[in-house]
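Please read the structure below before turning to the comments.
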Amino acid sequence: MQQIVDLPVFRATCNPSGPCIADEREQLDNAEFARRVRVAATILHRHGVRSGDVVAVVLPNRLEFVVILFAAWRLGAAVTPVRPESTAEEVNYQVGDCRARVVVTEAGACGTLGLAELAGAEIDRSEVVRVESGCAALVIYTSGTTGRPKGVVLDHANIAAMCAMLVGALELDDTDHSLLILPLFHVNGIMASILSPLLAGGQATIAGRFSASAFFDLVERVRPTYFSAVPSIYAILVVQPVELTPDISSLRRVICGAAPMPAELIERFETRFGVPIVEGYGLSEGTCASTLNPPRGPRKPGTVGVPLPGQTVAIMDDTGRLLARGTRGEVVIRGANVMRGYLGREEATAETVVEGWLHTGDVGYFDQDGYLVLVDRIKDMIIRGGENIYPKEIENVLHAHPAVLEAAVVGAPDPILGEVPVAHVVPVPGTPIEADALVEHCRRMLSRAKVPVEIILTEAMPRNAVGKIDKRQLRALVADVMSGD
């Protein structure tokens, strides 16, 4: 398998006129994509980018992001994707933290390098350098749920290992065509929807901002074989008008990641659209994915599948002892996909990667068939009067109610018990439901300590940049409500 950094040249040599990458503006064949990469590398080189540097990319979803990615790699530099909706303070923090040599933006204002300048130049062949597998390739910033975001450093060996695992597990080949609908500043979008299909010989189309009303028209026009999304997107799609019957016959499978997906939502989507959902699990520190429900089955909704070949996924207690199947503990991961570390944060790295094991902060267990079941985040656990309560257990019960589209449970401060569970629920549109009825539903299925003390009905959940429900915001809202009482 060729190095990923050489992929543009390899594809252009093997099949110059074959389709490579597209977005809403244009389509590039392999030869043109390789040429664009060489041009962009020339411009970056003229702006002082050298091996070991970092290029910050502040762009919405568009194919130039991928061009710059490979151009930087051609020079031996790494790329840090910056969320385009970030505030000036957030951008300055990330750019400063990774000491980016160049910042690429759409317009190129305020001392940044614009796309127009990257598009036109004579190609200088002197900038190509030898890229070792241990060279940094990506610096992905975490969502910052605990303090300032940290830069996850992924090297070329991490990326090569991850892509090979995904290509094998998803059985991707040169007939595959991915539709990217997740943001390109997140590792899932880069790995699962761009690099892996291109490495397999397929192609990728980059969608702009996700729109439920326009999504199926896009699928009918582009004819992708798969896309990767988060649970909230599937929740939006299943409640589209019943008279909507799009032609989605090109889809072989769809992927769900970033957050556990309720089994009820998987069933709703598959029943309505007839496309299998392949649910996986991973994190940026593991370069994207660590487990996957096998596309050929058996798939087990309610689990996140089995470990990807080349990775060891285990359950560990707080003393570092590995636990037997069926026992709950922290999910830990070993493999060539585990990050090099957090940029400039040796102490945080040492706390997260211990003796080769990546500590995820997730609680889970393996069932009798070896499928991983996620229980919750360790930090999301609610301790009510000394009893450990996992919000996901309550959320699963709420999702089993036919009127519930989404549910999120957080702990609220209590002067006597310490914490008590409070649920936020988004009802299925057009389905009337009262909070009291949902409380009764929980009472029938949960022990008294786990029943939410309050259920708040809402039209939408707060979300972070990747589309996950932002429980930090929910905790703040709940704390304000409870203190107001």
Side-chain angles (χ1 to χ4, degrees), residues 162 165-166 168-171 188 192 226 228-235 238 252-271 273 275-283 286 288-317 322-335 337 358-378 380-381 389-400 404 406-409 445-446 467-469:
M162 188 75 262
M165 293 171 186
L166 287 172
L170 293 171
E171 301 178 349
N188 188 319
Y226 77 94
S228 180
V230 295
S232 59
I233 288 179
Y234 292 105
V238 296
R252 301 169 184 169
R253 70 191 87 74
V254 293
I255 304 168
C256 183
M261 189 168 178
E264 291 76 15
L265 180 55
I266 293 176
E267 182 180 2
R268 288 181 192 176
F269 183 89
E270 292 184 345
T271 299
F273 297 110
V275 179
I277 291 180
V278 177
E279 190 178 11
Y281 161 73
L283 56 165
C288 182
S290 289
T291 67
L292 197 71
N293 266 282
R296 291 184 181 270
R299 291 178 296 113
K300 297 185 69 173
T303 81
V304 290
V306 298
L308 290 173
Q311 295 189 50
T312 302
V313 182
I315 306 298
M316 185 179 287
D317 67 13
L322 295 181
L323 302 175
R325 186 172 290 184
T327 306
R328 292 182 177 189
E330 184 180 13
V331 180
V332 292
I333 299 164
R334 295 184 78 159
N337 56 299
L358 170 63
H359 287 251
T360 67
D362 291 312
V363 179
Y365 64 91
F366 282 99
D367 69 10
Q368 67 276 11
D369 299 316
Y371 285 65
L372 179 61
V373 179
L374 294 179
V375 176
D376 226 318
R377 291 288 295 168
I378 291 174
D380 287 344
M381 185 175 68
I389 297 172
Y390 292 103
K392 189 168 182 289
E393 182 181 359
I394 307 171
E395 291 163 2
N396 287 341
V397 167
L398 287 167
H399 278 116
V404 173
E406 290 188 290
V409 175
M445 304 179 71
L446 294 167
K468 295 181 183 179
I469 294 173

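Heavy atoms only: backbone and side chains are in, while hydrogens, waters and symmetry mates are out.
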4.5 Å side-chain heavy-atom contact, I315 and T327: no
Identify the two heavy atoms, one from L322 and one from M316, that lie closest to each other, and give their separation to 0.1 Å. CD2-CE, 3.7 Å
Can you name the nearest heavy-atom pair linking V278 to R299, along with the distance? CG2-CD, 4.4 Å
Partners meeting salt bridge (charged side-chain N to carboxylate O under 4.0 Å, His left out) with R268 (sequence neighbours left out): none
Is it the case that over 12 heavy atoms from other parts of the model lie below 6.0 angstrom from the CD atom of E171? yes
Mind checking whether K300 and D367 have side chains closer than 4.5 Å, heavy atoms only? yes
Approximate separation, where rounding is to 0.5 Å, of L372 CG and S290 OG: 9.5 Å
Using side-chain heavy atoms (C-beta onward) and a distance below 4.5 Å, is V313 in contact with Y281? no
Looking only at non-hydrogen atoms, find the nearest pair between P391 and M381 and report the distance. CD-CA, 4.2 Å
Among T312, L283, T291, whose side-chain contact (heavy atoms from CB on, under 4.5 Å) with I333 holds? L283
What's the spacing between L323 CG and D317 CG if we round to 0.5 Å? 5.0 Å
Minimal non-hydrogen separation, V230 against C256, with atom names: C-SG, 4.2 Å
Going from CD1 on I277 to CZ on R253, what distance comes out if it is rounded to the nearest 0.5 angstrom? 13.5 Å
Is the shortest side-chain heavy-atom distance between P262 and Y234 below 4.5 Å? no
Any idea which heavy atoms bring V304 and N293 closest together, and the distance? C-ND2, 3.6 Å
With F366 via ring-ring contact (aromatic ring centres under 6.0 Å, His included) - residues at least two apart: none
Quick one: does P295's side chain get under 4.5 Å of P276's, heavy atoms only? no
Please report the C-alpha distance between E393 and L446 in whole Å, then the side-chain angles of each, then the deciding distance to 0.1 Å, and finally whether the side-chain contact (heavy atoms from CB on, under 4.5 Å) criterion is met. CA-CA 9 Å; E393 182 181 359; L446 294 167; 4.1 Å; yes
Interatomic distance, D380 atom CG to D362 atom CG [nearest 0.5 angstrom]: 9.0 Å
Quick one: does M165's side chain get under 4.5 Å of N337's, heavy atoms only? yes
Residues two or more places apart in sequence or in another chain: which of them pass salt bridge (charged side-chain N to carboxylate O under 4.0 Å, His left out) with R334? none
Got a sec, which residues hit ring-ring contact (aromatic ring centres under 6.0 Å, His included) with F273, two or more places apart in sequence or on another chain? F216, F269
Which is it for K392 and V363 under the side-chain contact (heavy atoms from CB on, under 4.5 Å) test, yes or no, and what are the steps along the way? CA-CA 10 Å; K392 189 168 182 289; V363 179; over 6 Å; no
I255: side chain to side chain contact (heavy atoms under 4.5 Å, CB included) partners, not counting sequence neighbours: L170, Y226, S228
Distance col, row M445:CE vs I394:CD1, nearest 0.5 angstrom, shows 12.5 Å
For E330, give me all partners under salt bridge (charged side-chain N to carboxylate O under 4.0 Å, His left out), at least two apart in sequence or on another chain. none
Of all heavy-atom pairs linking A235 and V238, the shortest is O-CG2, 3.2 Å
